[in-house]
Amino acid sequence: MIQLKHVRNGLTALAVTAMTASPALAHHPLGGGTPETFVHGVLSGIGHPMLGIDHFAFIVAMAFAAVAMGRLTTAPLAFLAASMIGVLLTYNSIAVPMIELMVAGSATLIGAIVLSGRKLSMPVALGLFATAGLFHGAAYGGAIVGAESTPLLAYLGGLLITQYAIAYAAGTVAKLFWDGANAASVSLRLAGGVAAGVGFAFLFENVEGLIFPAVA
């Protein structure tokens with residue numbers, strides 16, 4: 001059994017890494033270039049949720065909430081489906097407002113719910129996950145705008161598989177080592193708090209940018 005202090009140290013390291021990461025990196029796999037081939041599309045789809053620490057924090061927090069509900073395999077599907085819609089909205093030049101604020105805010109909210117030790121009901125979880133998915137997908141879509149259909153489909157496939165893999169892996173770790181099926185588990189709540197902290201760091205930076213816009 002992993003000791004709580006080891007969990008704390010590992011999650012603290014993740015939080016520090018996330019809070020010092022550049023938000024710009026989160027939305028520019030392949031150095032910001034538009035995918036031009038099938039392979040480029042797959043790599044970009046894999047890279048986006050991995051490089052985007054705010055996205056990653058939400059997916060992990062969502063997995064913790066889902067495993068506490070006993071719905072690890074099914075609850076994240078609402079997020080995944082909505083994220084595909086969000087990608088296509090951006091790809092087709094349909095504007096989604098307040099994307100960055102909502103992405104960071106969703107990680108903060110779901111992390112805070114896990115931290116509270118409360119178990120979500122399935123309808124509430126699906127609503128929250130789907131709403132978040134729309135905004136996360138809209139953010140993801142910025143990496144594929146202008147691409148042809150082949151890299152687009154490859155991107156969607158890579159994105160879908162990677163997000164589900166992250167969620168399932170995080171939920172499995174929580175279930176096996178942190179008593180994740182118990183929403184009141186101290187380790188699970190601590191992990192949720194870290195995810196909330198990461199989300200809040202990005203949220204604060206975005207709000208600060210709105211209040212004090214950079215001067216060119």
Side-chain angles (χ1 to χ4, degrees), residues 2 7 10-11 14-15 17-18 26-27 29 42 44-87 102-116 118-141 143 155-183 185 187-199 202:
I2 297 177
V7 175
L11 290 173
L14 173 62
T17 300
H27 303 291
V42 170
S44 188
I46 292 172
H48 208 147
M50 298 292 290
L51 294 175
I53 305 301
D54 46 354
H55 298 300
F56 189 87
F58 172 84
I59 295 169
V60 169
M62 174 183 66
F64 294 158
V67 79
M69 296 162 53
R71 295 285 189 265
L72 176 60
T73 58
T74 55
L77 297 178
F79 170 80
L80 297 177
S83 72
M84 297 298 101
I85 295 172
V87 171
M102 293 299 291
V103 167
S106 66
T108 306
L109 174 61
I110 300 301
I113 290 172
V114 175
L115 175 62
S116 74
R118 299 185 63 180
K119 183 183 297 186
L120 292 172
S121 67
M122 192 64 167
V124 171
L126 293 180
L128 289 175
F129 295 169
T131 300
L134 187 67
F135 289 95
H136 283 258
Y140 292 143
Y155 179 77
L156 291 174
L159 191 62
L160 188 67
I161 293 170
T162 300
Q163 290 183 110
Y164 192 78
I166 293 170
Y168 192 81
T172 299
V173 168
K175 184 176 181 179
L176 293 178
F177 300 111
W178 301 344
D179 190 23
N182 174 15
S185 164
S187 296
L188 187 72
R189 294 177 65 185
L190 175 64
V194 171
V198 171
F202 280 87

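Everything numeric here is computed off the predicted structure, so don't read it as measured data.
The distance from atom CZ of F79 to atom CE of M84, rounded to the nearest 0.5 Å, is 8.0 Å. Note that CD1 of I85 is 11.5 Å distant from CG of L80, once rounded to the nearest 0.5 Å. Residue R189 holds its CZ atom at 12.5 Å from CG of D179, rounded to the nearest 0.5 Å. Taking CH2 of W178 as the start and CZ of F64 as the end, the distance is 4.5 Å to the nearest 0.5 Å. Remark: M62 CE to L120 CG distance equals 12.0 Å, nearest 0.5 Å.
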Please tabulate, for side-chain N and O atoms in residues 164-173, each donor-acceptor pair with protein atoms closer than 3.5 Å (sequence neighbours left out).
unit_1: Y164; atom_1: OH; unit_2: T73; atom_2: O; d: 2.9
unit_1: T172; atom_1: OG1; unit_2: Y168; atom_2: O; d: 2.7

Below 3.5 Å, can you tabulate the donor-acceptor pairs from side chains in residues 190-198 to any protein atom, sequence neighbours excluded?
none

Please output the side-chain donor-acceptor pairs of residues 128-139 that fall under 3.5 Å, not counting sequence neighbours, one pair per line with the distance.
unit_1: T131; atom_1: OG1; unit_2: G127; atom_2: O; d: 2.8
unit_1: H136; atom_1: ND1; unit_2: H55; atom_2: ND1; d: 2.8
unit_1: H136; atom_1: NE2; unit_2: S106; atom_2: OG; d: 2.8

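Between M122 and L126 the shortest side-chain heavy-atom distance falls below 4.5 Å.
Residue G199 comes nearest to T108 through the heavy atom pair C-OG1, 3.0 Å, listed as atom of the first residue, atom of the second, then distance. Nearest heavy atoms, P76 versus L72: CD-O, 3.1 Å. Between A75 and M69, the shortest heavy-atom contact is CB-CE, 4.5 Å. Residues I110 and A65 come closest through the heavy atom pair CG2-CB, 4.3 Å.
Atom CE of M50 has 12 or fewer neighbouring heavy atoms from other residues, nucleotides or ligands inside a 6.0 Å radius.
Legend: residues meeting side-chain contact (heavy atoms from CB on, under 4.5 Å) with A183, ordered by chain and number and at least two apart, are A68, K119. Every side-chain contact (heavy atoms from CB on, under 4.5 Å) that V87 has, sequence neighbours left out, goes to Y140, I144, Y155, L156, L159.
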